[in-house]
A.B. asks: 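First the structure, then my questions, so here it is.
Order of appearance sets the numbers: ligands from 1, and atoms from 1 within every ligand. Start at 1 with the first residue, then count along the sequence.
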Amino acid sequence: MSAAQVAPGVHRLGSSLVNFYLVEEDGRYTLVDAGLPNYFAQLPALMAALGADLHDIDAVVLTHGHSDHIGIAERVRTEAQAKVHIHGADAQLARTAAASSGAGSVLPDLWRPSALRFIAHMARNGGTRVARIEDLTTFSEGITLDVPGHPTVIGAPGHSHGHCSLLLPERGVLFAGDALCTNNWLKGTTGPQLMPRAFNVSDEQALASLDRLEPVEAEVVLFGHGEPWTGGVRAAVAQARERAAR
Ligand SMILES: [Zn+2]
């Protein structure tokens, strides 16, 4: 899939299964999440189309440390001399590039075509050999990061211990990360929902994190997995809660 602008100065990269984003402010750039290793070539191509290049990236901000979100982070860090930022509680995940593990089992759903498609996609795109990140800057929740776009960090744990969502208040954009998704690749369902239980360290905590996201003022919600949502955070949270209660 080609990169597309999904909000003012915000471009979507990746594939129909795994997203990451490029944010521009005054000619400087921040990458929000870092997809899978084989997506790398998309980045210089997009930057050239924007009249910029890799060295205009100052920062990579990770919503969490799972392997499908850190794929090109180390390469961007070294090639663009960008700093990689992550919540302290997920730093170890990113440092070791360990495979993610949640509270449940994927086995009951592995027969599904959607699950098989995702696993094949991960393998094809280097998801099983993600480079560990050698140098990380850690942040805590509640702060506004001094990087292009100036995202505000909203702690939203549950998918992982240090998972955060990122808000661009002036643009009305929330990067939900994996606090929510609109494509449950394990079960093949679409629309706002929590990530599959098998990939959350705590479903309960992930549900509780929706309370923190609910009052956020943003029309556009962008996810690690699935299509953008333009109906506002409140409505996305309501749908996810309703689905979780079923
Ligand atoms: Zn993910």
Side-chain angles (χ1 to χ4, degrees), residues 1 6 12-21 31-39 42 60-74 84-87 89-94 96-104 106 109-110 112 114-133 154-166 174-203 205-207 209-210 213 221-229 236 240:
M1 195 196 68
V6 287
R12 179 185 179 188
L13 292 143
S15 67
S16 60
L17 295 174
V18 179
N19 303 312
F20 65 116
Y21 303 91
L31 211 55
V32 172
D33 282 335
L36 293 167
N38 292 5
Y39 296 165
Q42 295 181 13
V60 181
V61 180
L62 301 170
T63 59
H64 62 295
H66 286 163
S67 53
D68 55 331
H69 293 254
I70 70 169
I72 69 168
E74 177 65 5
V84 182
H85 304 254
I86 193 166
H87 188 280
D90 263 27
Q92 192 57 21
L93 269 180
T96 56
S100 58
S101 61
V106 296
D109 290 303
L110 277 186
R112 295 177 194 270
S114 52
L116 297 174
R117 201 177 310 125
F118 187 86
I119 291 163
H121 182 81
M122 283 283 283
R124 246 195 341 268
N125 287 283
T128 53
R129 44 177 177 79
V130 172
R132 61 185 66 199
I133 303 168
I154 302 168
H159 182 63
S160 67
H161 295 297
H163 183 284
C164 293
S165 297
L166 301 162
L174 178 71
F175 297 99
D178 284 358
L180 287 168
C181 68
T182 50
N183 177 11
N184 179 332
W185 55 261
L186 190 60
K187 294 185 189 292
T189 51
T190 56
Q193 57 196 295
L194 293 179
M195 284 290 285
R197 182 188 196 88
F199 298 98
N200 293 335
V201 288
S202 166
D203 250 16
Q205 201 179 31
L207 204 52
S209 284
L210 296 183
L213 297 181
V221 189
L222 301 171
F223 310 91
H225 308 280
E227 295 299 306
W229 171 263

A.B. asks: The criterion is side-chain contact (heavy atoms from CB on, under 4.5 Å); which residues satisfy it with R124, sequence neighbours excluded?
C.D. replies: A120, H121
A.B. asks: Quick one: side-chain hydrogen bond (donor to acceptor under 3.5 Å, both in side chains) partners of D90, sequence neighbours excluded?
C.D. replies: S160
A.B. asks: For a distance under 2.8 Å, give residue and atom name for each protein N, O or S atom next to the Zn ion (ligand 1).
C.D. replies: D68 OD2, H69 NE2, D178 OD2, H225 NE2
A.B. asks: Could you label the plane-to-plane angle of the H163 and H64 rings as parallel, tilted or perpendicular, counting under 30° as parallel and over 60° as perpendicular?
C.D. replies: tilted
A.B. asks: If the condition is salt bridge (charged side-chain N to carboxylate O under 4.0 Å, His left out), which residues does R112 pass it with, not counting sequence neighbours?
C.D. replies: D109
A.B. asks: Would you say the side chains of H225 and N183 form a donor-acceptor pair under 3.5 Å?
C.D. replies: no
A.B. asks: Could you label the plane-to-plane angle of the W185 and F199 rings as parallel, tilted or perpendicular, counting under 30° as parallel and over 60° as perpendicular?
C.D. replies: tilted
